[in-house]
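Scroll down for the structure; my scribbles are underneath it.
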2 protein chains.
Amino acid sequence: MTVASAPRPERPSPRTAFLLTQLGAHAADRFAARVAEIGLTPRDAGALRALGRSPGISQRELAGRLGTVPSRLVALVDDLENRGLVERVRSAKDRRNYELQLTDAGTALLAQLRTVADAHQDGLLKTLDDDERLVLSRLLAKVAAGAGLGPDGHPGYARDESRHD
Amino acid sequence: MTVASAPRPERPSPRTAFLLTQLGAHAADRFAARVAEIGLTPRDAGALRALGRSPGISQRELAGRLGTVPSRLVALVDDLENRGLVERVRSAKDRRNYELQLTDAGTALLAQLRTVADAHQDGLLKTLDDDERLVLSRLLAKVAAGAGLGPDGHPGYARDESRHD
DNA sequence: TATTGTTATACTCTATAACTATA
DNA sequence: TATAGTTATAGAGTATAACAATA
């Protein structure tokens, strides 16, 4: 026993994983609060983003991207449609499915959503300078890669766009 | 218009907050899977940790630390008690409340839990070397501080030990 | 009267499977 | 028969408030 009293190098603090979980939950809460101000749930937001990127997809396809089951999309799309944000257009090729489209109002709200997401990120990372943000972003991407998540977040097998910002 | 085509410096990628949320959810899932192997839910794990650190607290106190409502603790403690991990001891000073204690089995399981938590963190951060882990840990602590969470994770107003690792 | 623990009730969210209409 | 969407039902999880025992 040569080392007498090191300043606690013992366990490399299992707090980092813990912190990551806590911060993730906090970020999700904050995001939910922010999008609520423009009348959206995080899931709504995910749907709008997916439809913005991939107009015309079916409900099943959207369900897959949101990581949920098709039956749950019915009420979600009903709601978005009732609010005039999304349209259900019967596919001409295969009249069993819909081709979901953003309306003009939906597109406008998506733009607002992007602003909100930017503000959210800025608020969340306000204590970091630009360099630190970059480093954090790279480290998180590295962790995500190790976890089998794409660098953008979603897992390869079941990309889940419902777990938002 | 002097700048013609910069390589996309436009938005500083709102993906970092998004990634943080996704990784947090992923870490929570993984942790839940790991503790399930020793028969615990994340909430159980939080209760054991809290009782390890603060033996003799009441159910209300424990509820506060777990960020839940007292009524929900009844079933939780019932379960832990039935499995012989926790004891309800009537307080001699104030016979309205219990002084919750870990049993020997509970203490042993808590030790196992710590091993599991270490393995969890190691698995999660496996793509990072020691330096990177340290940097990540510091950056996350900084973000947590800005978010009003203590450096250990929990929010000052309602530290939530149920959102685990 | 106030407080701890408890129970009862209702509400939300979700998953599963049955149903329809198209193919 | 197989698939997209829908509906119905049941289950888990949670919050709220009423209740008994003790202070």
Side-chain angles (χ1 to χ4, degrees), chain A residues 25 28-29 31-33 35-36 40-47 50-51 54-82 86-101 158 160-164, chain B residues 25 28-29 31-33 35-36 39-47 50-51 54-82 86-101 157-158 160-164:
Chain A
D29 285 350
F31 182 72
V35 295
L40 297 176
T41 65
R43 200 174 294 271
D44 292 337
L51 291 180
S54 311
I57 60 177
S58 68
Q59 289 189 190
R60 277 195 120 79
E61 173 68 22
L62 182 57
R65 300 199 190 188
L66 297 181
T68 64
V69 75
S71 66
R72 269 178 39 195
L73 273 210
V74 179
L76 175 66
V77 176
D78 279 353
D79 182 47
L80 294 176
E81 195 176 34
N82 287 337
V86 164
E87 256 180 337
R88 277 195 251 236
V89 184
R90 274 289 173 204
S91 168
K93 304 170 205 156
D94 182 339
R95 298 197 1 215
R96 282 174 302 182
N97 58 20
Y98 290 120
E99 292 171 358
L100 300 175
Q101 298 284 351
D160 183 347
E161 259 182 272
S162 70
R163 271 166 169 170
H164 277 288
Chain B
D29 285 350
F31 183 72
V35 295
L40 297 175
T41 65
R43 201 175 293 270
D44 292 337
L51 292 179
S54 312
I57 59 177
S58 68
Q59 290 190 188
R60 278 195 120 77
E61 173 68 22
L62 182 57
R65 299 199 190 189
L66 297 181
T68 64
V69 75
S71 67
R72 267 178 42 194
L73 273 210
V74 179
L76 176 66
V77 176
D78 280 353
D79 182 46
L80 294 175
E81 196 177 32
N82 287 338
V86 163
E87 257 180 337
R88 278 194 248 236
V89 183
R90 273 289 173 204
S91 168
K93 302 170 205 154
D94 184 340
R95 296 196 4 212
R96 280 174 306 184
N97 59 19
Y98 290 120
E99 292 171 359
L100 300 175
Q101 298 285 352
Y157 49 94
D160 182 348
E161 259 183 271
S162 71
R163 272 165 168 173
H164 277 289

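Note that the structure is a prediction, hence the values are computed from the model and not measured. Values reported hereafter were calculated over all heavy atoms of this structure, with side chains retained and with hydrogens, waters and symmetry mates removed. Naming convention: chains lettered A, B, ... in sequence-line order (proteins, then strands); numbering from 1 in each chain.
- To the nearest 0.5 angstrom, B:Leu76 atom CG is 7.0 Å from B:Leu62 atom CG.
- Checked against side-chain hydrogen bond (donor to acceptor under 3.5 Å, both in side chains), B:Ser54 has the following partners two or more places apart in sequence or in another chain: B:Arg65.
- Looking at B:Asp79, its side chain never comes within 3.5 Å of a backbone N or O of B:Ala75 through a donor-acceptor pair.
- Interatomic distance, CZ of A:Arg60 versus CZ of A:Arg96, reported as 10.0 Å (0.5 Å rounding).
- When rounded to the nearest whole Å, the span between CG of B:Leu76 and C1' of D:dA12 equals 16 Å.
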Please lay out, stage by stage, how A:Thr41 and A:Asp44 fare under the test side-chain contact (heavy atoms from CB on, under 4.5 Å). CA-CA 5 Å; A:Thr41 65; A:Asp44 292 337; 3.1 Å; yes
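- For B:Arg90, the side-chain hydrogen bond (donor to acceptor under 3.5 Å, both in side chains) partners at least two apart in sequence or on another chain are B:Tyr98.
- The rotation axes computed at either terminus of the helix from C:dT1-D:dA23 to C:dA23-D:dT1 lie 20° apart, taking five pairs at each end and rounding to 10 degrees.
- The phosphate of C:dT6 (OP1 or OP2) has a side-chain N or O of B:Tyr98 nearer than 4.0 angstrom.
- One can place CG of A:Leu73 at 9 Å from P of D:dT6, the figure rounded to the nearest angstrom.
- For A:Ser71, there are no side-chain hydrogen bond (donor to acceptor under 3.5 Å, both in side chains) partners two or more places apart in sequence or in a different chain.
- We find that CD1 of B:Ile57 is positioned 17 Å from C1' of C:dT3, with the value rounded to whole Å.
- Remark: P of C:dT3 and CD of B:Glu61 are 15 Å apart, rounded to the nearest angstrom.
- The A:Arg60 side chain lies nearest to D:dA4 when the options are D:dT7, C:dT7, D:dA4.
- For the pair A:Asp78 and A:Asn97, nearest-nucleotide mapping onto DNA chain D gives the more 5' position to A:Asn97.
- Computed from coordinates, the A:Leu62 CG to D:dT6 P distance equals 12 Å when rounded to whole Å.
- For the side-chain hydrogen bond (donor to acceptor under 3.5 Å, both in side chains) test, residues two or more places apart in sequence or in another chain that qualify with B:Glu81 are B:Arg88.
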Reading 5' to 3' through nucleotides 13-23 of chain C, protein heavy-atom contacts under 4.0 Å coded B for base, S for sugar-phosphate only, - for none: -SSBB----BS
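- Distance check, rounded to the nearest 0.5 Å: CD1 of B:Ile57 to CD of B:Gln101 gives 9.5 Å.
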